[in-house]
There are 2 protein chains.
Amino acid sequence: MAKLGSEHSSDAAAVTINRRVMEVCDSIGDFIEYWGFKGIHGRVWALLALSAEPLAQVQIAQYLGVSRSLVSGVIAELVDRGLVRAVDSSRNSPYVALTDFWPTVASVLRSREWMLLETVRQSLEGFVVDAERVGGDSIGQIYNLRRAYTLIKMTETAQNILRLLIGYPTAATADRMTQWLGHVGALVKRFKT
Amino acid sequence: MAKLGSEHSSDAAAVTINRRVMEVCDSIGDFIEYWGFKGIHGRVWALLALSAEPLAQVQIAQYLGVSRSLVSGVIAELVDRGLVRAVDSSRNSPYVALTDFWPTVASVLRSREWMLLETVRQSLEGFVVDAERVGGDSIGQIYNLRRAYTLIKMTETAQNILRLLIGYPTAATADRMTQWLGHVGALVKRFKT
DNA sequence: TTACTTGTTCACATCATTGTGAACAATGTA
DNA sequence: TACATTGTTCACAATGATGTGAACAAGTAA
């Protein structure tokens with residue numbers, strides 16, 4: 001049966017397609033770098049997503065031109081995050097990509113972004129509490145307490161928005177997201193006027 | 001007039017406050033790292049935001065314990081992004097932080113995220129076009145074209161959502177955002193059921 | 001003017017990230 | 001069993017990001 005990166009790759013058409021696939025892998029890699037992953041995660045995932053058949057780690061390493069050791073670690077993380085799944089439970093099982101990645105994105109937002117915001121909020125609160133307690137009168141000469149309160153409020157708002165995003169159903173399917181988008185779009189339009 | 005990091009910093013209370021301020025700077029720095037900036041940008045901005053008076057570059061460098069050369073470059077970028085403003089047009093003018101940073105966030109999303117998504121979409125389209133053109137019958141044995149189409153649709157959906165976010169009025173004020181949040185919240189709740 | 005302070009630039013040092021290759025473990029196969 | 005293949009681990013190399021200091025430019029004050 002035909003396999004990705006097979007002996008037919010000397011064929012001109014296959015070379016063209018392979019280049020296209022690499023472009024997809026690279027662009028998805030670049031994109032995902034800004035979402036808490038490394039570029040290589042996106043490239044491996046994209047390759048699995050475009051492949052008609054499950055791929056073994058060696059094939060992935062060969063196709064992408066990276067070492068087996070790198071693929072090993074990356075696959076482990078992708079499986080851990082629920083973006084990739086082994087076909088069976090054997091040691092040398094090939095892998096497939098999962099396309100319902102909303103749970104993963106939500107999880108990333110939950111752990112990473114939430115914690116960052118919460119740290120900001122707590123540090124701001126610590127500041128204003130201490131400023132009011134030990135600051136005395138002159139504190140307003142040095143620090144802008146009112147602005148600190150504004151920042152706290154903004155942080156809380158950001159946390160509320162984040163909560164909303166995280167709480168979004170499951171649906172990473174294009175259909176549902178489009179539907180959801182329609183609702184929000186109508187709403188925003190109403191809010192704008 | 002009292003100034004940040006002044007000679008009074010030997011005072012116990014001042015030391016406490018200074019530590020709190022540093023915590024705020026660091027946490028905002030950590031947060032902003034995931035939004036296309038470096039940590040130092042957030043720390044400089046936070047210091048300016050909390051300071052009651054405009055600060056000169058030397059003061060910022062001293063307070064944060066970094067070199068003047070670093071502060072110089074960072075300030076230039078922050079001014080360029082519209083997050084910080086010089087008080088007057090003189091060379092040695094001190095700087096203040098601007099808190100309406102939604103335009104900046106929108107601009108970042110517009111340039112960075114949009115381009116990344118657009119590159120992904122184009123590479124996927126290039127792939128399916130070439131696959132259909134030169135692929136012949138066996139292409140389905142090797143590549144999952146249907147999945148490629150799904151990914152294209154998802155990318156377009158993400159672009160639509162992004163457009164919506166970018167198009168969001170101006171309002172970085174906590175009040176307006178909270179209001180907007182309320183609308184969206186009600187909507188999502190309705191969609192969930 | 002001279003001396004001093006502040007801001008800017010750039011070549012370099014420092015540090016963190018990313019990827020490699022060799023040794024090993026685990027599995028399949030003759 | 002012996003042999004080949006695949007996956008895993010870890011110390012290290014390569015690369016890139018981040019910050020520094022020295023030299024310079026531009027202003028300020030004596």
Side-chain angles (χ1 to χ4, degrees), chain A residues 3-6 22 25-26 28-45 47-48 51 53-80 84-96 112, chain B residues 3-6 22 25-26 28-45 47-48 51 53-80 84-96 112:
Chain A
K3 268 191 181 166
L4 207 130
S6 68
M22 281 303 279
C25 292
D26 289 344
I28 291 185
D30 288 347
F31 174 71
I32 213 159
E33 271 193 47
Y34 289 93
W35 288 89
F37 292 90
K38 306 178 205 163
I40 187 66
H41 287 100
R43 290 196 286 159
V44 169
W45 182 87
L47 184 60
L48 288 174
S51 171
E53 296 186 21
L55 298 179
Q57 290 194 13
V58 204
Q59 296 177 282
I60 300 171
Q62 261 183 297
Y63 200 99
L64 295 179
V66 297
S67 65
R68 283 182 296 142
S69 57
L70 182 57
V71 172
S72 174
V74 166
I75 285 281
E77 289 170 301
L78 287 175
V79 168
D80 192 52
V84 152
R85 186 172 54 78
V87 168
D88 58 68
S89 62
S90 78
R91 174 189 158 90
N92 294 357
S93 162
Y95 297 88
V96 292
R112 193 191 71 185
Chain B
K3 269 192 182 167
L4 207 129
S6 66
M22 282 303 279
C25 292
D26 289 344
I28 290 185
D30 289 347
F31 174 72
I32 215 159
E33 269 193 49
Y34 289 93
W35 288 90
F37 292 90
K38 306 180 204 158
I40 187 67
H41 288 100
R43 289 194 289 159
V44 169
W45 181 86
L47 185 59
L48 288 174
S51 170
E53 296 186 22
L55 298 179
Q57 291 193 13
V58 204
Q59 296 178 284
I60 299 171
Q62 261 184 297
Y63 200 100
L64 295 179
V66 297
S67 66
R68 283 181 298 142
S69 57
L70 182 58
V71 171
S72 174
V74 166
I75 285 282
E77 290 170 301
L78 286 174
V79 168
D80 192 52
V84 152
R85 185 173 55 79
V87 168
D88 57 69
S89 61
S90 77
R91 174 188 159 91
N92 294 359
S93 162
Y95 297 88
V96 291
R112 194 191 70 188

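Just so we're on the same page: letters track the sequence lines, and every chain starts at 1. Predicted model only: the values in this text are computed from it and were never measured.
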Name every donor-acceptor pair, under 3.5 Å, that has one atom in a side chain of residues 88-95 of chain B and the other anywhere in the protein, sequence neighbours excluded.
residue	atom	partner	partner atom	Å
B:D88	OD1	B:S90	N	2.8
B:D88	OD1	B:S90	OG	2.6
B:S90	OG	B:S93	N	3.4
B:S93	OG	B:V87	N	3.0
B:S93	OG	B:D88	N	3.0
B:S93	OG	B:D88	O	3.3

Step by step, work out the side-chain contact (heavy atoms from CB on, under 4.5 Å) result for A:L55 and A:V44.
CA-CA 10 Å; A:L55 298 179; A:V44 169; over 6 Å; no

Locate the shortest heavy-atom distance separating B:V58 from B:R68; write the atom from each residue and the value.
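Closest approach of B:V58 to B:R68, heavy atoms only: CG1-CD, 4.4 Å.
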
Give the minimum heavy-atom separation between B:V66 and B:R43, together with the two atoms involved.
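Heavy atoms only, the tightest pair is CG1-NH2, 4.3 Å.
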
When you check every protein heavy atom under 4.0 Å of nucleotides 1-17 of chain D, what one-letter string (B, S, -) results, 5' to 3'?
-----BBBB--------

Atom-pair distance (CG on B:D30; C1' on D:dT18), nearest Å
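About 15 Å, once rounded to whole Å.
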
List, one per line, each side-chain donor-acceptor pair under 3.5 Å for residues 31-39 of chain B, sequence neighbours excluded.
none

